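No experiment lies behind these values; they were computed from the predicted model shown. Numbered from 1 within each chain, the chains take letters A, B, ... in sequence-line order.
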Protein chains: 2
Amino acid sequence: MGRQRPGTPTLEEVAALAGVGRGTVSRVINKAAGVRDSTRRAVQQAIDELGYVPNLAARSLAGHRADAVALVMTEPDWRQFGEPFFTEIVRAVGDALTDTPVQLLLTLVRSDTERQRFVEYARGGRVDGVLLMSVHAQDPLPDMLAKAGLPTVMLGRRSGDESVTYVDADNTGGARDAVTHLLAGGRRTIGALGGPLDMYVAQCRLRGYREALERADVEVRDSLIVAGEDFTEESGRRATAELLARHPDLDAVFAASDTLAAGVLGALREAGRRVPEDVAVIGFDDFHPARPMEPPLTTVRQPLEEIGRTMVRLLLEEMEDSPVAWRHVILRTELVLRDSA
Amino acid sequence: MGRQRPGTPTLEEVAALAGVGRGTVSRVINKAAGVRDSTRRAVQQAIDELGYVPNLAARSLAGHRADAVALVMTEPDWRQFGEPFFTEIVRAVGDALTDTPVQLLLTLVRSDTERQRFVEYARGGRVDGVLLMSVHAQDPLPDMLAKAGLPTVMLGRRSGDESVTYVDADNTGGARDAVTHLLAGGRRTIGALGGPLDMYVAQCRLRGYREALERADVEVRDSLIVAGEDFTEESGRRATAELLARHPDLDAVFAASDTLAAGVLGALREAGRRVPEDVAVIGFDDFHPARPMEPPLTTVRQPLEEIGRTMVRLLLEEMEDSPVAWRHVILRTELVLRDSA
DNA sequence: ATGAAAGCGCTAACAT
DNA sequence: ATGTTAGCGCTTTCAT
């Protein structure tokens with residue numbers, strides 16, 4: 001057992017030292033109005049003298065709030081957490097909370113044990129709200145939290161008619177733009193690398209690919225589409241090799257993530273194809289400044305900063321019970337042209 | 001305000017429904033001994049019927065513990081979090097806690113504001129202990145926590161005489177082994193890439209480099225040593241370019257991290273050097289299965305799994321106030337030979 | 001503007 | 001084995 005050391009000063013001792021009532025001390029530490037300036041100073045001095053720190057458990061119990069929110073990564077494969085997409089989201093969420101008194105707690109949920117433990121933690125009132133990243137279609141966590149009445153915001157959605165509040169990028173539109181760009185460049189044999197199909201985001205990006213082809217009256221061939229197991233570089237490599245075997249005349253590839261795209265580039269070069277001369281490549285861009293796409297290719301940029309900010313805004317609104325205009329927000333992507341393919 | 005919805009059943013209601021006293025219900029949910037099996041079942045049924053979940057704030061307040069520990073990343077540059085070294089540690093720590101009732105909370109401390117907020121969170125009793133990653137020499141956080149009497153375990157140390165409990169790899173020894181191996185291979189003009197010198201780990205690794213040279217009676221030349229700003233690949237690239245400019249006859253490089261080593265490889269190849277024929281490279285290995293060193297080179301492997309496990313063990317011991325044999329643990333590294341350089 | 005007092009829901013010590 | 005009770009330290013009315 002750890003916790004606050006015995007002998008930790010309490011609000012009551014502060015009150016005694018300052019010669020005021022408990023209520024007054026409470027008002028001071030909560031910066032509530034209606035305290036004379038001289039009293040406030042006296043209390044503050046007592047606080048400093050004693051090194052008083054509020055007991056958060058007591059505050060939670062009496063105040064019915066935790067002043068904390070959880071950002072949950074529900075991914076059995078924890079290494080995904082190192083992916084730029086997630087680190088950027090974490091950064092954006094952290095930034096959005098920096099001016100609030102709310103403590104951000106990142107948590108991993110990799111197994112049913114951990115899921116159970118987290119639900120008890122959250123339902124137990126240790127957080128006021130939950131942000132969910134990387135949710136797979138069959139994940140029960142969002143519903144468990146919703147049923148418990150906990151304010152919850154997801155990054156992405158599990159399906160087309162999602163009940164939980166979410167923020168998503170316009171994956172379909174972004175993919176459509178990308179493939180339309182490839183078509184405009186004269187490409188016709190365009191391969192598509194989706195991510196894992198149990199994630200709606202992968203379905204959307206593939207749908208965008210199809211829609212672009214259909215609009216241009218180009219035949220959609222299933223043999224040009226490969227759904228990977230995940231969004232990793234290695235996955236991109238394997239899929240590309242497969243694609244090249246099936247379609248030696250491949251002249252473009254649309255990849256559903258930038259790590260996939262990196263794998264595509266590697267595999268293409270190994271196979272002796274020039275990029276973008278022989279094969280043009282476009283991927284979604286997770287916008288990680290430290291690991292720029294190399295070489296710079298045209299990418300579909302997701303507004304990660306805005307996604308994180310929006311998630312926080314929606315969550316705080318739900319926590320305040322204030323009216324929310326939209327419970328579903330879909331943010332536009334941007335096609336960043338960086339080649340002449 | 002969020003938190004447990006109004007109308008959430010309390011322990012008292014469970015007791016009433018089950019027709020027992022509060023104490024008994026408490027015993028049941030805490031799996032305490034001394035409850036008849038039939039009573040236990042009756043209580044359990046009431047719990048299920050009501051969908052009761054314990055209020056963790058009340059439990060903390062009465063029980064003087066939080067059943068949670070924080071794993072803190074104190075790095076102004078949050079992107080570091082994506083580095084394999086950290087994701088592996090997070091995984092190992094998560095694994096070590098998976099069979100305990102303790103919830104793991106990851107937190108970012110990037111600024112003074114966040115440091116302050118976290119200290120209040122921790123001192124406020126929301127966690128029973130703190131694990132610290134990526135601590136820089138002048139970081140005041142460890143002392144703030146120690147002064148507050150919070151069980152704390154650091155990954156690495158801030159200096160040679162660290163007061164806070166820590167777990168570290170044998171950086172000096174590992175570096176010595178690496179450089180000794182290079183010398184045994186006949187290399188004499190060996191460059192050294194340290195990390196940021198405000199981190200003790202970087203100093204140790206450079207010391208190991210020096211010691212190996214001294215033991216072999218090879219002159220230590222300052223011009224062969226470059227301290228980077230951080231442990232990133234980009235940093236490794238720049239440093240290597242500098243090294244090559246100063247020493248065209250460079251025949252080996254010792255890098256203080258695997259990401260640095262990756263940068264070294266890139267820069268060497270760009271400069272037309274063959275690896276390991278012209279220049280042998282050895283780096284510390286953060287052992288990330290998903291991003292293997294490419295090409296496989298000899299590396300100094302740190303026992304990350306064991307580091308994480310040990311940190312957790314020490315922390316739990318400190319939390320239990322049970323006697324701890326060592327407050328400082330230094331784990332051996334292993335030289336993994338993968339080339340003929 | 002400030003003090004007093006009633007809980008918040010639980011654990012743990014003490015009875016029985 | 002189980003019921004009873006006294007807090008844990010705070011927020012929040014309600015008086016004054």
Colleague: Using atom CG of Leu61(B) as one end and atom P of dT11(C) as the other, report the distance to the nearest whole Å.
Modeller: 11 Å
Colleague: Is the phosphate of dA1(D) approached by Arg36(B) (side-chain N or O, under 4.0 Å from OP1 or OP2)?
Modeller: no
Colleague: Does Tyr52(B) or Thr24(A) map to a spot on DNA chain C nearer the 5' end, using the closest nucleotide for each?
Modeller: Thr24(A)
Colleague: Please tell me if Ser26(B) has a side-chain N or O lying less than 4.0 Å from either OP1 or OP2 of dT11(C).
Modeller: yes
Colleague: Between the main-chain N or O of Phe118(B) and the side-chain N or O of Arg126(B), is there a donor-acceptor pair closer than 3.5 Å?
Modeller: no
Colleague: So which nucleotide from dC8(C), dT5(D), dT2(D) ends up closest to the side chain of His64(A)?
Modeller: dC8(C)
Colleague: If you count heavy atoms of other groups shown closer than 6.0 angstrom to CD of Gln45(B), is the number above 12?
Modeller: no
Colleague: Can you tell me how far P of dC10(D) sits from CD of Glu120(B), to the nearest Å?
Modeller: 13 Å
Colleague: With distance as the sole criterion, is a donor-acceptor pair present between the side chains of Asp112(B) and Gln116(B) under 3.5 Å?
Modeller: no
Colleague: By nearest atom, which of the nucleotides dT5(D), dT13(D), dT2(D) is closest to the Arg22(B) side chain?
Modeller: dT5(D)
Colleague: Assign each of Ala58(A) and Thr39(B) to its nearest nucleotide of DNA chain D by heavy atoms, then name whichever residue's nucleotide is nearer the 5' end.
Modeller: Thr39(B)
Colleague: Select one nucleotide: of dT11(C), dT2(C), dC10(D), the one nearest the side-chain heavy atoms of Leu11(B).
Modeller: dT11(C)
Colleague: Using modelled atom types and a 3.5 Å cut-off, is there a donor and acceptor pairing between side-chain atoms of Thr113(B) and backbone atoms of Ser111(B)?
Modeller: no
Colleague: Between Ala62(A) and Ala33(A), which residue's closest nucleotide on DNA chain C lies nearer the 5′ terminus?
Modeller: Ala33(A)
Colleague: What is the distance from CZ of Arg59(B) to C1' of dG9(D), rounded to the nearest Å?
Modeller: 18 Å
Colleague: Tell me if a side-chain donor or acceptor on Arg115(B) pairs with a main-chain N or O of Asp139(B) at a distance below 3.5 Å.
Modeller: no
Colleague: Any side-chain N or O of Asn30(B) less than 4.0 Å from the OP1 or OP2 oxygen of dT11(C)?
Modeller: yes
Colleague: Name the closest nucleotide to the Val35(B) side chain, picking from dG9(D), dT2(D), dT11(C).
Modeller: dT2(D)
Colleague: Between P on dC8(C) and CG on Asn55(B), what's the gap in Å once rounded to a whole number?
Modeller: 11 Å
Colleague: Using whole Å, report how far CZ of Arg126(A) lies from P of dG9(C).
Modeller: 16 Å
Colleague: Whole Å only: how far is the CG atom of Leu56(B) from the C1' atom of dC8(C)?
Modeller: 14 Å
Colleague: Write down the distance between CD (Glu13(A)) and P (dG9(D)), rounded to a whole number of angstrom.
Modeller: 8 Å
Colleague: Between Ile29(A) (CD1) and dT12(D) (P), how many Å, whole number?
Modeller: 11 Å
